[in-house]
There are 2 protein chains.
Amino acid sequence: MPAKDTGTEELIRSTAKKLFFKEGKLHATTQDIADAAGMNRSAVHYYFRTRDQLIALVFAESMQALSLRLGKVMSAELPFREKIQGLIEVFTNEMMEYPFQEVFLVTEINTAGHDLVTKIDEGPVSSFLNEIEKEMHLGTIEKTDPKHFLINLFSLLSYPIMMSPIYRQFFGMNEHQFDELIAERRELITRTMFK
Amino acid sequence: MPAKDTGTEELIRSTAKKLFFKEGKLHATTQDIADAAGMNRSAVHYYFRTRDQLIALVFAESMQALSLRLGKVMSAELPFREKIQGLIEVFTNEMMEYPFQEVFLVTEINTAGHDLVTKIDEGPVSSFLNEIEKEMHLGTIEKTDPKHFLINLFSLLSYPIMMSPIYRQFFGMNEHQFDELIAERRELITRTMFK
DNA sequence: TTTTTGTTCAACAAAATTGTTTAAATAAAT
DNA sequence: ATTTATTTAAACAATTTTGTTGAACAAAAA
């Protein structure tokens, strides 16, 4: 009974993500999305009924993917330092592709107030916090609340990329120059986090 | 000839900032603003003509204030370490009061594409970058591109606060608990940046 | 007091956005 | 060939949001 399957639904989803996460167009209308996907606005409603439902789905998928990514990276069978390097690699790549994903998530939480509690698997996070604590006892990283270690790591990773439009102006750099600066950071962040 | 002067215009401005910067309601309508300010929507249009003009003004003022704040802190007559501590203090306070101000700025740049070039005085920034470089030669901070030092500093400062809705969930903390975690960071950031 | 100026509000009009409906066209599966 | 599912299109209504206008009002100036 099902038919065509030209992946239209998936196209709409990915186009919405492109607008929200890549271009930072947080107010994109159903018309904007249809235009960007090269189709009729009716198709958007046909597959997702309402704009809110589409956004709720994009939000949920983004949270879920984030949780999955975290889980995979945090519970990898690797020595601590390599695990951190893997995390930096994975999340830097994600941020480079979707610089405004986290901004989207936060503003959605502020306005719509989604219940994200269910979306996050706290298991890997808390066991990773334990691993961080062990590493602190070994002396390779500074001793504090392990939550600070995690926060610092993601701060150094995410913030410069999501704020790049502002900081490019501050430093008078073009996009290419700033991308090179960001590229240097993978190594720099490792150095900053250890010792 | 002028009349009343009940500071209504100022009230509208500050209410808009409260919605945008404090509560992260980035899609707030003129009605939302009027409601929050306890007045008629016409008043908003009377003073600012259009929503876009109000937003443009809030944006410009925010950038200008940021530039001013930066300039003042960066060109203070203080030893380097104390200058950094002052910067941390000032900008942490600002972030605590207006957690979503930077998010507002970035999303505005993405959608409206304001020309912020004129708004920023690059003078103090570039001379502060020189000061950082000098400090690197003295050996109190690690040697890299001084831009990285600045980026790191603001990452550690701003990101945790603007992302608090997400990370509170991640760590299963309430607002008060997370505020205490943030409070610990002023000292922690200093320690991380030096040595 | 009268006039002028500036402010507030309610009502209205215009525009933008959303969501539905209907019809027609297309394409796949049975 | 028939049925089912997909896609486009156009038209429409409903809602939201915006922006304007005119009247009422208050305060200062004349």
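Below, read A as the first sequence line, B as the second, and so on, with proteins coming before strands; counting in each chain starts at 1. These numbers come from a predicted model, not from an experiment.
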Name the closest nucleotide to the B:T8 side chain, picking from D:dA9, C:dT8, C:dC9.
-> C:dT8

Can you list every side-chain hydrogen bond (donor to acceptor under 3.5 Å, both in side chains) pair that touches residues 25-40 of chain A, not counting sequence neighbours?
-> A:H27-B:H27, A:T29-A:D32, A:Q31-A:D35, A:N40-A:S42

Return the value, rounded to whole Å, for the distance between atom CZ of A:R51 and atom P of C:dA16.
-> 17 Å

With a non-hydrogen cut-off below 4.0 angstrom, is B:S42 in contact with a base, only sugar-phosphate, or nothing?
-> base

Residues in side chain to side chain contact (heavy atoms under 4.5 Å, CB included) with A:K143, at least two apart?
-> A:M136, A:H137

How do B:A43 and A:H45 order along DNA chain C: which one's closest nucleotide is nearer the 5' end?
-> B:A43

Return the value, rounded to whole Å, for the distance between atom CG of A:D52 and atom C1' of C:dT17.
-> 12 Å

Flag, side chain of B:T107 to backbone of B:F104, donor-acceptor distance under 3.5 Å | yes

For A:E187, what residues pass the side chain to side chain donor-acceptor pair (under 3.5 Å) criterion, not counting sequence neighbours?
-> none

Rounding to a whole Å, what distance do you find between A:I55:CD1 and C:dT18:C1'?
-> 12 Å

Side chain to side chain contact (heavy atoms under 4.5 Å, CB included) with A:S75: which residues, sequence neighbours excluded?
-> none

Residues within residues 21-41 of chain A bordering DNA chain C, heavy-atom distance below 4.0 Å | A:T29, A:T30, A:R41

For the side chain of B:Y47, starting at C-beta, report the closest nucleotide among C:dT8, D:dT6, D:dT20.
-> C:dT8

Residues in side chain to side chain contact (heavy atoms under 4.5 Å, CB included) contact with B:A112, at least two apart in sequence or another chain | B:E108, B:H114

Closest to the B:R49 side chain: D:dT8, D:dT20, C:dG19?
-> D:dT20

Under 4.0 Å: is that the gap between some side-chain N or O of A:Y46 and OP1 or OP2 of D:dT6?
-> yes

